[in-house]
S.K.: 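Got a structure for you, written out below as structure tokens; questions coming shortly.
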Amino acid sequence: MSTINYSEKIPNNVNLGEDRTLQRALEGWQPNFINWWDDVGPEGSTNHDVYLRTAVSVDPQGWAQFGHVKMRDYRWGIFLNPGDANREIHFGDHKGEKAWQDVPGEHRANLRRIIVTQGDTEPASVEQQRHLGLTAPSMYDLRNLFQINVEEGRHLWAMVYLLQKHFGRDGREEADALLQRTSGDDNNPRILGAFNEKTPDWLAFFMFTYFTDRDGKFQLAALAESAFDPLARTTKFMLTEEAHHMFVGESGVSRVIARTAQVMNELKTDDAQKVRAAGAIDLGTIQRYLNFHYSVTIDLFGADQSSNAAIFYSSGLKGRYEEGKREDDHVLKGQTYKVLEVKEGQLVEKDVPMLNALNEVLRDDFIKDSVAGVNRWNKVLEKAGIPTRLIVPHKAFNRQIGALAGIKMSPDGRVVNEIEWAAKRDEWLPSSEDFAFVASLMGRVVEPGKFAGWISPPVMGINRQPVDFEYVRFG
Ligand code: BYC
């Protein structure tokens, strides 16, 4: 049996030290977590001392303490945002009732499913990113990758805490299964599609952290409204960390574009082959990566019409993004929402009951937020005097989930037949040749202050440190 001192090793604000049953459950799980980290976590990183942000409490001073640590020794804390004893459920059929501190029997299966689905994405992303450290474009970027990895690990702990604390034996079994499924595994894959895709290179990593971590933001924000108070408080705290992940994605892509624009201007060319020959990533390839990550990520919101979504909302398990700021009755019965469907090979809009369309409502909120950042990337091109613009593809492009999975659509929103799709696929989505080219750029650059030739340096360092700070001390 492990002799872990929980209050020391696992910073927490959930009185871990006083709950023997929970401690025993965690004592059983913790060594398996470390084995999982060693097996499929960041490759070759065991002896590195990494300049990491560690949360040791939820207050503004406590949640961002920086220092060099070995990732294996990272203090995977368990934190709930401060509670409000009088908190009321503010949407669905239980609106006005007191929030739940424990799981009501009738909602147990659904809540468990939501928590497991959320929990499953966290280790999945660490698995997807495990080889990236070997090809980092700089020490600064390497540190950011590792920061994201440990925080996804902490988010797994957050979900495992809920499962072990509130779901008894089933919860313990689900916690074990979270370490057994593996991203991309043929026999035991991760639950959601995007988390079984590869993240083969750093452009994919930046697109993933821009788009897919943003799905995290919207799903966590919807769960932060939950009537199940421990879930609401946990996910609220997770959101504080998620912001940095999206920053890494947005600024990463932005720096790639800045470098490409610089090369295009130096060579006075928009010829992709010339840009590539000069060691930068042509804008066409960036657009195709964007198309892929965007379409795979919007699938993560589920089917456009979902009775699960209606049940989750009406029973108070999962709200809408910024539920509290919306001015409607927060019950949504009798209201409608427009979704797209395919009729005789064409897309048409139709009104459906709002409750059943809540996956689509959240997807549309996500789309608005995503487009804003793409516009900021375009500002980089505009400033450099390059006329090309990056464009978010049509909502129905390359969909695998929901009603839109049934058609083939061009990025600009034309229904196309199989023949055109096959002919244009490599113009619209990254081709094996694109992947091979991007892979060819992925050399490892890790001397402090040095950057690979395909990406510009960041404007500033982490936690007010200089850009050439020794963010990782290699052991
Ligand atoms: N891939 O009725 P539907 C993050 C399944 S990201 C594969 O629409 P529902 C992070 C679905 O399970 C945020 N299967 O489902 C980011 C269902 O299966 P069954 C993660 C899919 O339940 C970066 C069937 O299709 N959090 O945190 O309404 C790094 C019918 O679908 C997919 C959450 O997702 C898919 N994409 O909606 C690290 C929040 N989509 O029952 C972390 C919790 C659907 O027929 N999850 N299916 O076997 C949920 O709220 C819901 O489960 C979903 C699905 C919105 C995902």
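First listed ligand is number 1; within each ligand, the first listed atom is number 1.
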S.K.: Under 4.0 Å from a heavy atom of I191: give me the atoms of ligand 1 that qualify, with their elements.
M.R.: 7 (C)

S.K.: Answer yes if a protein heavy atom lies under 4.0 Å from atom 27 (O) of ligand 1, otherwise answer no.
M.R.: yes

S.K.: Could you label the plane-to-plane angle of the F33 and W76 rings as parallel, tilted or perpendicular, counting under 30° as parallel and over 60° as perpendicular?
M.R.: perpendicular

S.K.: Quick one: side-chain contact (heavy atoms from CB on, under 4.5 Å) partners of K350, sequence neighbours excluded?
M.R.: Q305, V339, E341, V352

S.K.: Provide, to 0.1 Å, the distance between atom 46 (N) of ligand 1 and the closest protein heavy atom, together with that atom's residue and name.
M.R.: T117 CG2, 3.7 Å

S.K.: Heavy-atom contacts under 4.0 Å between S125 and ligand 1: side chain, backbone, both, or neither?
M.R.: side chain

S.K.: Considering only non-hydrogen protein atoms, determine which one is nearest to atom 1 (N) of ligand 1 and report residue, atom name and distance to 0.1 Å.
M.R.: G193 N, 2.8 Å

S.K.: Tell me, do L358 and L355 make a side-chain contact under 4.5 Å, heavy atoms counted?
M.R.: yes

S.K.: Got D365 and R320 here, is their nearest side-chain heavy-atom distance under 4.5 Å?
M.R.: no

S.K.: May I ask which of K318, R113, Q129 has a heavy atom nearer to atom 51 (C) of ligand 1 than the others do?
M.R.: K318

S.K.: Tell me: protein heavy atom nearest atom 54 (C) of ligand 1, and distance?
M.R.: G302 CA, 4.1 Å

S.K.: Quick check on contacts: which atoms of ligand 1 are under 4.0 angstrom from a heavy atom of L192?
M.R.: 1 (N), 7 (C), 21 (C), 32 (C), 34 (O), 35 (C), 56 (C)

S.K.: Is the centre of the F228 ring less than 6.0 Å from the centre of the H166 ring?
M.R.: yes

S.K.: Is atom 42 (C) of ligand 1 near the protein, in the sense that some protein heavy atom lies at less than 4.0 Å from it?
M.R.: yes

S.K.: Please list, in number order, the atoms of ligand 1 under 4.0 Å from a heavy atom of D299.
M.R.: 36 (N), 40 (N)

S.K.: At what distance is the nearest protein heavy atom to atom 16 (C) of ligand 1, and which residue and atom is it?
M.R.: T212 O, 3.3 Å

S.K.: Just to be sure I'm reading this right: ignoring hydrogens, which of T209, N308, N359 gets closest to atom 37 (O) of ligand 1? Compare them by their nearest heavy atoms.
M.R.: N359

S.K.: Determine the interplanar angle of the F211 and W377 rings, folded into 0 to 90°, and report it as parallel if under 30°, tilted if 30 to 60°, perpendicular if over 60°.
M.R.: perpendicular

S.K.: Can you figure out which of A124, A222, A303 has its heavy atom closest to atom 31 (O) of ligand 1?
M.R.: A303

S.K.: Between F195 and ligand 1, find which residue part has any heavy-atom pair under 4.0 Å and reply side chain, backbone, both or neither.
M.R.: side chain

S.K.: Just so I know, are the side chains of V69 and V150 near enough to count as touching, which here means a heavy-atom distance under 4.5 Å?
M.R.: no

S.K.: Do R214's NZ or CZ and the ring of Y210 fall within the cation-pi criteria of under 6.0 Å and 45°?
M.R.: yes

S.K.: Under 4.5 Å between any side-chain heavy atoms of M409 and L404, yes or no?
M.R.: no

S.K.: Using 30° and 60° as the class limits, which term best fits the ring planes of F146 and H48: parallel, tilted or perpendicular?
M.R.: tilted

S.K.: Is at least one protein non-hydrogen atom found at under 4.0 angstrom from atom 48 (O) of ligand 1?
M.R.: no

S.K.: Kindly say whether T297 contributes a backbone atom to a donor-acceptor pair with the side chain of D215 at under 3.5 angstrom?
M.R.: no

S.K.: Could you check which of V116, T121, N356 puts a non-hydrogen atom nearest to atom 10 (C) of ligand 1?
M.R.: T121

S.K.: To check your reading of the model: name the closest protein heavy atom to atom 13 (C) of ligand 1, its residue, and the distance in Å.
M.R.: D215 OD2, 3.3 Å

S.K.: Only one of H90, E225, K95, E323 clears side-chain hydrogen bond (donor to acceptor under 3.5 Å, both in side chains) with H330; which?
M.R.: E323

S.K.: With a cutoff of 4.0 Å, is F218 in contact with ligand 1, counting heavy atoms of the residue only?
M.R.: no

S.K.: Taking C-beta and beyond as the side chain, do L178 and D120 meet within less than 4.5 Å on heavy atoms?
M.R.: yes

S.K.: List the closest protein heavy-atom neighbour of atom 2 (O) of ligand 1: residue, atom name, distance to the nearest 0.1 Å.
M.R.: S306 OG, 3.0 Å

S.K.: Before we go on, tell me: are the rings of W29 and W157 under 6.0 Å apart, centre to centre?
M.R.: yes

S.K.: Which residue owns the protein heavy atom closest to atom 21 (C) of ligand 1, what's the atom, and how far is it?
M.R.: I401 CD1, 3.7 Å

S.K.: Out of E152, Q118, M159, whose heavy atom is nearest to atom 33 (C) of ligand 1?
M.R.: Q118

S.K.: In the protein, which heavy atom is nearest to atom 56 (C) of ligand 1, and how far is it?
M.R.: L300 O, 3.5 Å

S.K.: Tell me the contacting part of F301 for ligand 1: side chain, backbone, both, or neither, using a 4.0 Å heavy-atom threshold, strictly below.
M.R.: backbone

